[in-house]
Amino acid sequence: MLDTPKWREEDGVIRFSVTTDGTTGKGWCPRLKSKGFYLGHHTRSVLCSSDFKPTDGVTTEIAVLKGTLFEHEHRITEDIRAEASKRKLSKPNAEVACLILEMFTDREIQAMDLQSIATMHELIRDAYGTSRLLSVVRYDDGNGFLAYPDSPGSWWSVGSGFAFAVPQA
């Protein structure tokens with residue numbers, strides 16, 4: 001029996017849904033660590049920020065714009081967010097990044113033809129005041145969870161995917 005895929009792809013956009021369970025940022029730290037995920041200092045700092053606002057029981061449809069949709073010079077945060085806006089996509093809650101990390105194995109992300117999935121949430125400052133985005137990164141021995149520094153001109157690799165929320169009808 002074949003497993004039902006957790007995601008589908010349409011015209012270079014990967015789609016799936018996640019449902020929140022009320023886990024706080026501080027609660028995500030031991031939860032993810034217990035599943036073998038490494039959380040770097042900056043990642044823990046973002047998760048523990050007062051700007052990380054959990055929700056409970058909220059289902060969000062996610063659209064991941066693949067980096068291949070953008071020319072090299074336009075694979076910057078400002079242009080990626082502009083394209084999402086044209087497509088009527090919005091910023092997801094930061095907790096979506098944690099749910100993506102739990103949902104997909106490194107092999108599933110590889111099957112999407114991605115190296116990473118950056119959740120394009122509202123920027124959260126780490127303990128040093130640097131604005132960051134949470135991102136799942138595929139490694140040969142499993143997924144990593146990073147908090148990338150970000151600004152409008154930040155450049156992303158072609159293997160990146162960018163997770164946005166699809167508005168509900």
Side-chain angles (χ1 to χ4, degrees), residues 1-40 42-67 69 77 80-81 83-124 126 132-139 142-148 150 156 160-169:
M1 175 187 254
L2 295 174
D3 290 335
T4 303
K6 300 176 197 171
W7 58 279
R8 64 192 185 285
E9 184 174 345
E10 303 161 359
D11 300 321
V13 179
I14 295 165
R15 295 181 181 270
F16 54 89
S17 294
V18 295
T19 302
T20 62
D21 63 8
T23 302
T24 64
K26 289 179 184 175
W28 276 110
C29 291
R31 178 171 163 174
L32 294 173
K33 191 172 181 183
S34 74
K35 294 180 180 191
F37 296 114
Y38 170 77
L39 303 178
H42 297 297
T43 305
R44 287 191 312 270
S45 178
V46 168
L47 291 173
C48 294
S49 168
S50 61
D51 291 331
F52 187 97
K53 308 281 188 202
T55 62
D56 191 11
V58 175
T59 298
T60 305
E61 184 178 352
I62 301 298
V64 177
L65 302 180
K66 293 175 83 171
L69 294 172
T77 299
I80 293 162
R81 289 194 188 276
E83 179 62 26
S85 180
K86 286 182 201 171
R87 294 173 182 244
K88 308 274 191 266
L89 302 175
S90 61
K91 294 177 184 177
N93 191 306
E95 68 195 326
V96 164
C98 302
L99 295 165
I100 291 171
L101 179 64
E102 279 192 326
M103 186 174 190
F104 297 113
T105 65
D106 60 319
R107 285 195 172 161
E108 289 169 310
I109 294 173
Q110 183 178 23
M112 295 174 192
D113 200 24
L114 295 174
Q115 184 65 37
S116 64
I117 301 174
T119 301
M120 304 302 279
H121 56 78
E122 195 68 51
L123 293 173
I124 297 177
D126 66 12
R132 295 189 178 268
L133 291 174
L134 294 170
S135 184
V136 176
V137 180
R138 181 175 60 83
Y139 297 112
N143 290 337
F145 197 43
L146 302 176
Y148 283 124
D150 192 53
W156 298 86
S160 299
F162 311 98
F164 291 92
V166 177
Q168 296 193 12

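No hydrogens, no waters, no symmetry mates; every other heavy atom, side chains included, goes into these values. Predicted model, so just to flag it, every value in this text is computed and none were measured.
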### Query
Between Glu9 and Arg15, does at least one N-O distance fall below 4.0 Å, as a salt bridge requires?
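Salt bridge absent between Glu9 and Arg15.
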
### Message
Regarding Arg81 and Glu83, does a basic nitrogen lie under 4.0 Å from an acidic carboxylate oxygen?
### Response
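Salt bridge between Arg81 and Glu83, a charged N being under 4.0 Å from a carboxylate O: no.
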
With sequence neighbours excluded, tell me which residues meet side chain to side chain contact (heavy atoms under 4.5 Å, CB included) with [X].
| X | answer |
| --- | --- |
| Arg132 | His42, Val46, Asp126, Thr130, Ala147, Pro149 |
| Ala84 | Leu65, Leu89, Phe164 |
| Gln110 | Arg138 |
| Gln168 | none |

Taking only residues two or more places apart in sequence, or in another chain, which ones meet [X] in a side chain to side chain donor-acceptor pair (under 3.5 Å)?
| X | answer |
| --- | --- |
| Asp21 | Thr23, Arg31 |
| Thr59 | Thr19 |
| Thr20 | Thr55 |
| Lys6 | Glu108 |

With a 4.5 Å limit on heavy-atom distance, are the side chains of [X] and [Y] in contact?
| X | Y | result |
| --- | --- | --- |
| Leu146 | Tyr148 | yes |
| Val137 | Phe145 | no |
| Trp156 | Phe162 | yes |
| Val18 | Val58 | no |
| Thr60 | Val166 | no |
| Lys66 | Val13 | no |
| Ile100 | Val96 | yes |

Which heavy atom of [X] sits nearest a heavy atom of [Y], and at what distance?
| X | Y | answer |
| --- | --- | --- |
| Pro92 | Ile62 | CB-CD1, 4.5 Å |
| Gly144 | Leu101 | O-CD1, 4.0 Å |
| Asp56 | Gly22 | OD1-N, 3.5 Å |

When rounded to the nearest 0.5 angstrom, what is the spacing between [atom1] in [X] and [atom2] in [Y]?
| X | Y | atom1 | atom2 | result |
| --- | --- | --- | --- | --- |
| Leu47 | Cys29 | CG | SG | 4.5 Å |
| Leu32 | Cys98 | CG | SG | 5.5 Å |
| Glu122 | Lys91 | CD | NZ | 3.5 Å |
| Leu99 | Ser17 | CG | OG | 11.5 Å |
| Trp28 | Thr43 | CH2 | OG1 | 14.0 Å |
| Ile117 | Ile14 | CD1 | CD1 | 6.5 Å |

### Query
Considering residues at least two apart in sequence or located in another chain, which fulfil the ring pair (Phe, Tyr, Trp, His ring centres under 6.0 Å) criterion with Phe16?
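If we apply the ring pair (Phe, Tyr, Trp, His ring centres under 6.0 Å) test to Phe16, skipping adjacent residues, the hits are Phe104.
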
### Task
State which residues pass ring pair (Phe, Tyr, Trp, His ring centres under 6.0 Å) with Phe37; sequence neighbours excluded, sorted by chain then number.
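Phe37: no ring pair (Phe, Tyr, Trp, His ring centres under 6.0 Å) contacts found.
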
### Query
Thr119 side chain to His121 main-chain N or O, any donor-acceptor pair under 3.5 Å?
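Absent.
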
### Message
So does Lys53 get a backbone contact from the side chain of Asn93, meaning a donor-acceptor N/O pair under 3.5 Å?
### Response
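Such a contact is found between Asn93 side chain and Lys53 backbone.
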
### Query
Passes salt bridge (charged side-chain N to carboxylate O under 4.0 Å, His left out), Arg87 versus Glu10? Steps please.
CA-CA 14 Å; Arg87 294 173 182 244; Glu10 303 161 359; over 6 Å; no

### Query
Quick one: salt bridge (charged side-chain N to carboxylate O under 4.0 Å, His left out) pairs with a partner in residues 160-169, sequence neighbours left out?
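For residues 160-169: none.
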
### Query
By salt bridge (Lys or Arg N to Asp or Glu O under 4.0 Å), which residues pair with Lys33, not counting sequence neighbours?
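Once residues adjacent in sequence are excluded, Lys33 has no partner under the salt bridge (Lys or Arg N to Asp or Glu O under 4.0 Å) criterion.
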
